[in-house]
J.: 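Before I ask anything, let me first share the structure, which is written out below as structure tokens.
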Amino acid sequence: MSSVCREVVTLQLGHYANFVGTHWWNLQDACLSYDPESPPGEIQSDVVFREGQTLGGHVTYTPRLIVMDLKGSLRTLRQEGSLYDAGKDTSAITWEGSLVMHKESPPVKNSFLEDLDKLDAGEILAEADFSSESAGAVSVETVNGRLARVQKGYTLEGSVKVWSDFLRIHLHPRTISVIHQYNHDGEAHRLEAFGQGESVLQGPLLDELEDKLHFYVEECDYLQGFQVFCDLADGFSGLGSKVTEMLQDSYGGRGLLTWGMAPVSHPGSTPVKDLYHLLNWTLGTVHMATNSSLFCPLTLRGGLGRRPGCPPEFRHLTYDPSLWYHSSSVLALALDAVTAPYRLRTNAVPMWQVADTLAVSGRKVAAAYGAVPFPMMHGSSLPDALSACAAELPWRPLSACCEAGGSRCYGQWTTLKGFEGQKLISRPSPGIKPPTPLHSLHSGKDVLSAYVSSFYPSSPLVVQLVSSPCRLTPPFPQIFSPSLGPRGCLQTPPPPPGSPSPLVSSVPVMTSLQSGPTIEPWLSELHRAATAFDIRRVAPSFFSQGPEMADFQDALEQLRLLARRYRDDSGGVMRSSSEDDDDE
């Protein structure tokens, strides 16, 4: 791997953020190349992975990652991991009286985790018994590379309870922090409110976070910044606001991209809990947008209000939006493409530059859209694929914002990842008129730029083309329709109705990260929903640990002003009713 890169430290805060993050890291692990003789890939894995060694001298690549979750959220996963197991320390036991032992049965592991255990038991844990003389011999094959041997299909929809149930990589001992004063399951001691999350980050937990940050940051040569995956619906919204504030204060010269995560639904939700979710979304959006270089919500909900619309439909997916294991996989595929520009080996764009391209005039909230997967036929060209989508854009909203084709855009970053093996341009025979203007262009970037610009005329646009697709390895859910072949391309001719879906090993994905007028009605709707009731009467306990009511009102005013920055005064979009009220 390259010895020089711009490193990124990732933080995952909250259970759904860890669902998305687990899928995302599994995708990154699938792109790692363990053969020193193979050519380096387009994606520079050292940006997000760090190199280490086990006690047996085996090379490992573990994520440069800090994870926070609640007590009971890990199930079978050990907080300290298993790569550097030092054994049990019994020297501190001095009690000589009688002992009563209560033994609890461990959680049952699914078939995927059982297969990983078989690999670990035979090849990894035995390394602790190696002599010190053998520790200097570094094995060519890495520990994570062995996990690639697990290449069969799994059906885990009924057995995934937490994100570690489908984690296929090893984590560093400094990765996981557990917040013990709040429970993941049950009704008592839940991290439900913004103020609770703000109050958590103090004392030992704050010291632990700072120690982990220093550990990862100090070993970086060219740190470009931080990416934060954070839950928006619960108390992690407040925790994430404090974490991003701390990162801004301590590392103000670095990029800070924050992705606010929200599932389509929450198990056991009630009207009061839905109200809490709304307030957490509101406060988290305001604070994390203020503290970050760029803030982008990621969700398959039809909106962040109390009555969201239907989840987006993807033509070639058969996913269950209410299943966290499924919805998080869709967001992870999109996130793999969205984050590619600052993870490339050549022609990479630092994350601060990505943010500056979009966060113009204080507009630090962006919306994401994705074609998951992007429809391409094997052996065809990019102009052919885009021409087939000429009537409408191929992507769907990933940020609960409406579609905005034909409108202005203050800034847009479009990425196509996965055209591997496809032609970027069309070469018509001499004397034959190209079927569309796209077929006459001479580079893939020109083709993609011309296509997107036809929907957003005269709007600033950056396009990025990445050849390598999103590579899928078990246990990624097989949520793809039978219309796709094993490499994620459309099958020709289409399979007959009722045909089984093939095992898809890779897919192309197109994403668009936008700052545009469609964000205004989304923010205005969030503001209107948060001010539509008497909070002191309906949800007095929400403020039991903060914020003060004056601070909440100030946040609402910041949200209203932020929404006004996205107005399109050229008449490009319809103005919302709340906007008209603001003008009175």
J.: Using a strict threshold of under 4.0 Å (side-chain N to carboxylate O), is an ion pair present between R190 and D185?
T.: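 No, D185 and R190 are not salt-bridged.
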J.: Between K417 (side chain) and M510 (backbone), is there a donor-acceptor pair under 3.5 Å?
T.: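 Judged by distance alone, no pair lies under 3.5 Å.
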J.: Indicate whether the side chain of T357 and that of Q353 have a donor and an acceptor atom separated by less than 3.5 Å.
T.: no
J.: Will you find, in the side chains of E245 and N291, an N or O donor that is under 3.5 Å from an N or O acceptor?
T.: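 No - no donor-acceptor pair under 3.5 Å links their side chains.
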J.: Hey, is the main chain of W522 close enough, under 3.5 Å, to the side chain of E525 for a donor-acceptor pair?
T.: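 No; zero donor-acceptor contacts below 3.5 Å.
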J.: Taking the six-membered ring where the residue is Trp, are the ring centres of Y16 and H266 under 6.0 Å apart?
T.: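 No, ring centres 6.0 Å or more apart.
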J.: Between S269 and Y276, does the side chain to side chain donor-acceptor pair (under 3.5 Å) criterion hold? Intermediate values first, please.
T.: CA-CA 10 Å; S269 191; Y276 274 42; over 6 Å; no
J.: Under a 4.0 Å threshold between the charged nitrogen and the carboxylate oxygen, would E392 count as salt-bridged to R315?
T.: yes
J.: Do the side chains of L398 and T299 get nearer than 4.5 Å, heavy atoms only?
T.: no
J.: Does V507 reach the side chain of C470, with side-chain heavy atoms less than 4.5 Å apart?
T.: yes
J.: Measure the shortest side-chain to side-chain distance between R343 and Q44 over non-hydrogen atoms and say whether it is less than 4.5 angstrom.
T.: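 R343 vs Q44: side chains apart.
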J.: Between T22 and S164, is a side-chain contact (heavy atoms from CB on, under 4.5 Å) present by the stated rule, with each step listed?
T.: CA-CA 8 Å; T22 297; S164 61; over 6 Å; no
J.: Consider side chain to side chain contact (heavy atoms under 4.5 Å, CB included). Of R6, Q224, R254, which one does M351 pass it with?
T.: Q224
J.: Heavy-atom count check: over 12 atoms from other residues, nucleotides or ligands less than 6.0 Å from D249 CG?
T.: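 Enclosed: over 12 neighbouring heavy atoms sit under 6.0 Å from CG of D249.
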J.: How many angstroms lie between CG in N18 and NE2 in H23, if you round to the nearest 0.5 Å?
T.: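 It is 12.0 Å, given to the nearest 0.5 Å.
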J.: May I have all residue pairs that pass salt bridge (Lys or Arg N to Asp or Glu O under 4.0 Å) and include part of residues 258-286, sequence neighbours excluded?
T.: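 Every salt bridge (Lys or Arg N to Asp or Glu O under 4.0 Å) pair that includes a residue of residues 258-286, provided the two are not neighbours, is E187-K273.
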J.: Between S459 (side chain) and C409 (backbone), is there a donor-acceptor pair under 3.5 Å?
T.: yes
J.: Applying the side chain to side chain donor-acceptor pair (under 3.5 Å) test to Q12, which of W25, W24, W163 qualifies?
T.: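 Answer after filtering W25, W24, W163: W25.
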J.: Exactly one of F215, Y216, Y251 should register a side chain to side chain contact (heavy atoms under 4.5 Å, CB included) with V9. Which one does?
T.: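 The single option meeting the side chain to side chain contact (heavy atoms under 4.5 Å, CB included) with V9 is Y216.
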J.: CH2/W324 to CG/L331 distance, rounded to the nearest 0.5 angstrom?
T.: 12.0 Å
J.: For the backbone of L335 and the side chain of T339, can you confirm whether one donor and one acceptor N or O come within less than 3.5 Å of each other?
T.: yes
J.: Looking at every heavy atom in both L438 and V447, which two are closest together, and how far apart are they?
T.: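 Between these two residues, the closest heavy atoms are CD2-O, 3.6 Å.
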J.: Regarding S177 and K212, do their side chains bring together a donor and an acceptor under 3.5 Å, going by distance alone?
T.: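 Their side chains do contain a donor-acceptor pair, which is all the 3.5 Å distance test asks for.
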J.: Are L70 and Y182 packed together at the side-chain level, in the sense that at least one heavy-atom pair is separated by less than 4.5 angstrom?
T.: yes
J.: Taking the six-membered ring for Trp and the full ring for Phe, Tyr or His, determine whether the centres of F19 and H15 are under 6.0 Å apart.
T.: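 Yes - the distance between ring centres of F19 and H15 falls below the 6.0 Å cut-off.
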J.: Answer whether the closest heavy-atom distance between the side chains of Y456 and L461 falls below 4.5 Å.
T.: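 With C-beta onward as the side chain, the pair stays apart.
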J.: Roughly how far apart are F194 CZ and D551 CG, rounded to 0.5 Å?
T.: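 One gets 10.0 Å once the value is rounded to the nearest 0.5 Å.
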J.: For the side chain of Q196 and the backbone of A193, is there at least one donor-acceptor N/O pair under 3.5 Å apart?
T.: yes
J.: Can you find a side-chain donor-acceptor pair between Q412 and T414 that sits under 3.5 Å?
T.: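 Checked: Q412/T414 side chains pair up, N/O donor to acceptor below 3.5 Å.
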J.: Going by distance alone, is a donor N or O of one side chain under 3.5 Å from an acceptor N or O of the other, for D336 and Q28?
T.: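 Side chains of D336 and Q28: pair found under 3.5 Å.
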